Every structure is written in C-alpha cells, then in structure tokens.
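For reference, the structure is listed below as structure tokens.
Everything numeric in this text was worked out from a predicted model, so none of it was measured. In the text below, chain A, chain B and the rest are named by the order of the sequence lines, each starting its count at 1.
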Protein chains: 2
Amino acid sequence: MTNVLFTFTVKEELMERLRSEFPQVNFTFSTSKDKTELQKAEIIMTYGEDITKETLDQALALKWLMVASAGLEKMPLREIGERNILITNVKGIHKTPMSESVMAHLLSIKRSLPWIYSQQRKSEWSKRSGSSELFGSTALILGPGAIGSEIGRLLQAFGVKTIGCNRSGDQAPHMDGMINFEQLDETLPTADIVISVLPSTLETRGLLTYNHFVLMKKDAIFMNFGRGDLIIEEQLIKAMSERQISFSVLDVFENEPLGEDHPFWDMDGVIISPHVSSHSSEYVPRAIEIFMENLQEWLNEGTDFQNVIDVEKGY
Amino acid sequence: MTNVLFTFTVKEELMERLRSEFPQVNFTFSTSKDKTELQKAEIIMTYGEDITKETLDQALALKWLMVASAGLEKMPLREIGERNILITNVKGIHKTPMSESVMAHLLSIKRSLPWIYSQQRKSEWSKRSGSSELFGSTALILGPGAIGSEIGRLLQAFGVKTIGCNRSGDQAPHMDGMINFEQLDETLPTADIVISVLPSTLETRGLLTYNHFVLMKKDAIFMNFGRGDLIIEEQLIKAMSERQISFSVLDVFENEPLGEDHPFWDMDGVIISPHVSSHSSEYVPRAIEIFMENLQEWLNEGTDFQNVIDVEKGY
C-alpha cells in the first residue's frame, strides 16, 4: 500500500474524496514532526516550509514531494536532487484569486465603493459619488507572466489597453503592446494604471524609484502585488505624501507584517491589502485537484507529471 | 444658422469642442426657462425632465429633441408626435458604468474588500481574509437586455456560468442558458448570484417575493440594479433579517432617498448603493458624442439617426 503523508490537515470532505478515489492509498494527515509517519511516507504533501534537511533525513521512504505552494526558495533542493526525489508544486494556483483581487481593487476605486461603504456607515444618502470608469484606460503590467497575462485578459474584457513590460520586451499573451525595462520612463506618463506582479530578482529589486512616480499621471493608480522590494518604501512614501499619483494599492511590503505605526495605514490614497491577494477558499481544493491528477499518474507508474520542478533551476 | 439650445451646462472643453467642430451652428447653454432661446431653438438638448407641454408650446422652431437620458416616461410624447418633432435619446449609455458597478460589488465581496478597508481603519494586520472567488459561480440575470447582456459578457470572462431570465425565455447574448419567469422557482436554488436589471412594468412589479429568497442558496448574493418595485421591501427585510441569503446589494429602493432610519442601513449583509450605479464622469462626454454624430446627420439633411424614439411605443 502506498503511504501518503499530508503535513497539514484538510476538510473532512476532501479527506473522504481522496480516500474514496484512491482506496489503494493510505492517507495520513499529521505534521512533519510525526517521525513514525515521516519514515513510512513514500509521498509527502506539504506547504513546503516544514521540509528541512533534517526532515528529509528522516523521510527514508520518500520518493515524491508535492508542494502545495508556488514558492520553493527555502527548500533543500540540493538534497532533494541528490536523492532523486520527484518534486512538484502547484504553479499557476494563484492566477485566479490574484487577478480577481486586482480587478476588485481597480473597479472598487473607479466605481466609488469605499465612498459608498463610508456613506452607509453614516446612514447618509448622497448621490455625489464622483464615479468614473475602467473602460478606456491604459494599464501597464510589469511582469506579464501567468498571473500578469490573466490580469491582461480581464482588463481587455473591460476595454482597457494593456501594455506588458518585461526584461526582453518580447510579446506576452493578452497584451496590446510590449516594452522592456529600459522603456519604462517613456511609457509611464501614458498609463492610467501601473500593476506589478514581478518576482524578486536582481533586476527587479529597486526597479521603481521616486522619479518613476513623478513621471506617472496625477490620477494614476499603482498596484504592487508582486514583491515588496520592487521599490524602497521611503521613496513610495515620499511620492504618496506629495500626491504624485492618486492611489497605491499594496499587497506586499518591505517588512511584513506592517507595523501598526507604519505611515501607510493612514495615508490618503494608500490601500493596504495585507498580503491576502492570493487567498482563496478554493486554494486547497485546487491544490488537491492537481495532486490527485499527479497521484493517478504515479499509481499508473507514468512519468507525465504536472509542474515538475527542476532542482537545478529551482522552478 | 442652426440654433441649438442646451437646457443644461457642460464643461468649457466640451463647449469648445462643439463650437470648433460645428462652426455653422449657434450653441446656447441655458435652461428651458430661457424663453428667448426656447423660441429660437431648432434643436434642444435636454435631460428630459424640464420638457413639459408648456415648454413645447413656447419652442416654436423646435424640430429635434435630443434627450441625454434613457428614461422618457414623463415626457409629453403625444404632443411631440403631433408636431412631428424628431426625438432621440442616449439609449445604451448606462451599459458600461452599470456593468462595471455590478462587477465591482461582486468582486469586492468575493475578494473581501470591505474587510480589507475595515482592517486598515484599525491599522490592523491580519491575514484572515476569508476570501473566495467569482470563478466557477453561477449567475442568474433577470432582464438580459443591453445592460444585462453586458454584465453577462463580463461575468463569462471571469468563468461564471450565466443564466438569463426574461418573459419569453428566448436566447439573449452572453447567456449560457435561458429561462422564463415561470421557471424562476426551479432555477433560484442553483444560482450563487441573482442580479436584476429589470425595468418597472406590470409583469416585473412584485415579481420577487420572500419565498424566492428562501429558495436561494444561503450564501447567495442578490443585486437589485433595476427598479425598487421588483420586490415589496418588507419581504426583502424579512428575508435578510433571517439571513436567508448572505448579501443584498441594492441600488434602487421603493422610496428614494432612503430615510435615515430605514432598517437597511444597519442590516448585516445589506449594501446600499444610493442609486449611483449608472453615474460616470464619462456620461456627458458620451452623450455629446452621440449628439454630435446625430447633429452631423442633421446638418447633412440625412435620416439615419441613432436612437430614434417611436412616440407611439415610447421607446
């Protein structure tokens, strides 16, 4: 019998689904500290953070590590490679919730939802909404990969012109135009919306500076849904306190959690999404869906797995 | 020279645009009480409410009435018809802002924006967003006309299954399925979202009752963006106080403005949009765009006008 250890727990209905679809598999829901189960497990399903060199040393039967997360930065990839353990993840799982969050924030601003909610708290009927539209805007998307392209697809449905920006300037899906990082200065003045979903790399750290915000339109909306180190926070604070642009919607920060005395909390035009843009009630069901397809392939002794990680490259 | 009277004022830049594009036309921006201009005007651009039988009697030169609104219920259509005055409106102008408002509210609920805003007011970092997704939902759209179909198109882009509901059950654009009014009871239990953009007619007044809300899912979202008389308000209050469904987003009411002691203001799950879902900074520019195209046709002595109203039918 194949032993599978989940190092986290899931809802009863998902456990039942796994057990009924795979009667030949023994599923245990525990933690990576459960030495007995760790030793027996041929397959481990984990969020990743609990898998250290020490965990690996104890997981003597381990042949496949399924990581229910997109980031693998802290995992002992060298050891996994040396032992020839198959490693797969749930790449792409953030696409739907993150692009819905981006659209939610943009539409909320354009259609005056913060104002509507605040009027209701005061039981005050007023029609001075000052609403505008997303339709007809131009959006610059920094990092038009899986998530960025999905945002582009949705923006285009709303009649928004999309311009993608990456290192090469090579065409990406759902982009009406493309630029490379060197063309940022000339393009920023034309954008109504600037969205970053860039990862943290040598090239993206500090990519945006105060001067970029000066170049943007006064009524521009900036959204950082990638990594907090895209910009030195002090420079963004300066830009927002001078109202160089109208809105900054931030899901990521230099340091998380944001301290309760951080200036962002009270700043006009700053909206703080506490790194929840990828959260979704559908996350675990979707991760298990990917896992089950891979598990079927595993039991069939096939090799066509989804999202196999190259331990040399790290993705 | 052709005399055009606007019975409302517009921004300087729009006035300049009209005058530079139509140098052969004399534009006056005043009110319908300006008897001198009223007598001279061959064309009147109006929001409609100021045009009475008396206004018409004074507008001796009037040949074309352009109404910058969608509703014509209160206009003296019989007199307009008798004098063979051309009447046009801005049908379809609400499509973009209204569908964006509907999407904004839905995405805001699914992606926890009210919670995000409230956490920020308390300078409180928490990641317990409880967010879900629009993707994979089923939406029932009561009244899949120009606005309802546009909502359907956007919902489909988000992976939502759309079911249209009208009197006939005949196919409408961007609907995955169609039902007629008689099939409501059997369809309501399958919908995650129920949106009405129905007008007020003999058939739609009181169409929804308390029992329909009992039939809906406990986590359903109801949106009334049509007319307030779709449901007797007391019945909706009963349904919401019993939490028969999770959310009611209301843009229209039995009586507007809503009194400050109305129970809706403080009710869990009720979101009050004070009849602003069609508001947009683009409204007047878009109305003038339609007017200019018709004006060009008028000056060319053509007959191919946009949105001509049949005074017999009233639309």
Side-chain angles (χ1 to χ4, degrees), chain A residues 96-97 99-136 153-154 156-159 256-262 264-266 270-283, chain B residues 96-97 99-136 153-154 156-159 253 256-262 264-266 270-282:
Chain A
T96 297
S99 58
E100 288 194 9
S101 277
V102 166
M103 298 307 297
H105 282 285
L106 286 175
L107 287 163
S108 176
I109 290 171
K110 296 290 185 184
R111 306 304 299 151
S112 308
L113 265 50
W115 175 86
I116 285 173
Y117 296 149
S118 126
Q119 292 296 108
Q120 181 164 359
R121 283 197 300 277
K122 296 184 281 183
S123 303
E124 202 170 300
W125 181 279
S126 155
K127 301 185 73 161
R128 300 188 179 182
S129 65
S131 294
S132 61
E133 298 174 8
L134 193 52
F135 178 89
R153 187 182 69 79
L154 293 172
Q156 285 181 330
F158 282 86
E256 297 177 17
L258 208 62
E260 59 181 286
D261 53 354
H262 196 288
F264 278 158
W265 289 114
D266 296 317
V270 174
I271 292 158
I272 296 173
S273 163
H275 210 150
V276 294
S277 68
S278 66
H279 283 206
S280 169
S281 56
E282 300 308 308
Y283 188 94
Chain B
T96 297
S99 58
E100 287 194 9
S101 277
V102 166
M103 298 307 297
H105 281 286
L106 286 175
L107 287 163
S108 176
I109 290 171
K110 296 290 185 185
R111 305 304 300 151
S112 308
L113 266 51
W115 175 86
I116 285 174
Y117 297 148
S118 126
Q119 291 295 108
Q120 181 164 359
R121 284 197 301 277
K122 296 183 281 183
S123 303
E124 203 170 300
W125 181 279
S126 154
K127 302 185 73 162
R128 299 188 181 183
S129 65
S131 294
S132 60
E133 299 173 8
L134 194 50
F135 178 89
R153 186 182 70 77
L154 293 172
Q156 285 182 330
F158 282 86
F253 303 88
E256 297 176 18
L258 208 61
E260 59 180 285
D261 54 355
H262 196 288
F264 277 158
W265 289 113
D266 296 316
V270 174
I271 292 159
I272 296 173
S273 163
H275 211 149
V276 294
S277 68
S278 66
H279 284 206
S280 170
S281 55
E282 300 309 308

Using the salt bridge (charged side-chain N to carboxylate O under 4.0 Å, His left out) criterion, which residues pair with Arg153(B)? Sequence neighbours excluded. Glu150(B)
From OG (Ser101(B)) to CD (Glu133(A)), nearest 0.5 Å: 9.5 Å
Report yes if some heavy atom in the side chain of His279(B) is under 4.5 Å from a heavy atom in the side chain of Lys127(A); otherwise report no. yes
Between Asp261(A), Asp266(A), Thr96(A), who has the most heavy-atom pairs with chain B when the cutoff is under 4.5 Å? Thr96(A)
Got Leu134(B) and Met103(A) here, is their nearest side-chain heavy-atom distance under 4.5 Å? no
Are side-chain heavy atoms of Ser273(A) and Gln120(B) found at a separation under 4.5 Å? no
Would you say Arg111(B) and Pro97(A) make side-chain contact, with heavy atoms under 4.5 Å? yes
Looking at Arg121(B), I want to see if its CZ is surrounded by more than 12 non-hydrogen atoms of other residues, nucleotides or ligands under 6.0 Å. yes
Residue Ser112(B) versus chain A: region with a heavy atom under 4.5 Å: neither
Could you look at Ser99(A) and say if it's the side chain, the backbone, both or neither that has a heavy atom under 4.5 Å from chain B? neither
Report which part of Ser118(B) has an atom under 4.5 Å of a heavy atom belonging to chain A: side chain, backbone, both, or neither. neither
Among all residues two or more places apart in sequence or in another chain, which pass the ring pair (Phe, Tyr, Trp, His ring centres under 6.0 Å) test with His262(A)? Phe264(A)
Say whether, by atom type as modelled, one donor and one acceptor occur between the side chain of Glu100(A) and the main chain of Phe135(B) under 3.5 angstrom. yes
Can you tell me which portion of Glu124(B) sits under 4.5 Å from chain A's heavy atoms? Options are side chain, backbone, both or neither. backbone
Would you call the rings of Tyr117(B) and Tyr117(A) parallel, tilted or perpendicular, where under 30° means parallel and over 60° means perpendicular? tilted
If one checks every heavy atom of Gln119(A) against chain B at 4.5 Å, the contacting part turns out to be backbone
Separation of Leu107(A) CG from Ser108(B) OG (nearest 0.5 Å): 10.0 Å
Side chain to side chain, Leu113(A) and Leu113(B), heavy atoms closer than 4.5 Å: no
Measure distances from Leu154(B) to the heavy atoms of chain A and classify the residue's part below 4.5 Å as side chain, backbone, both or neither. side chain
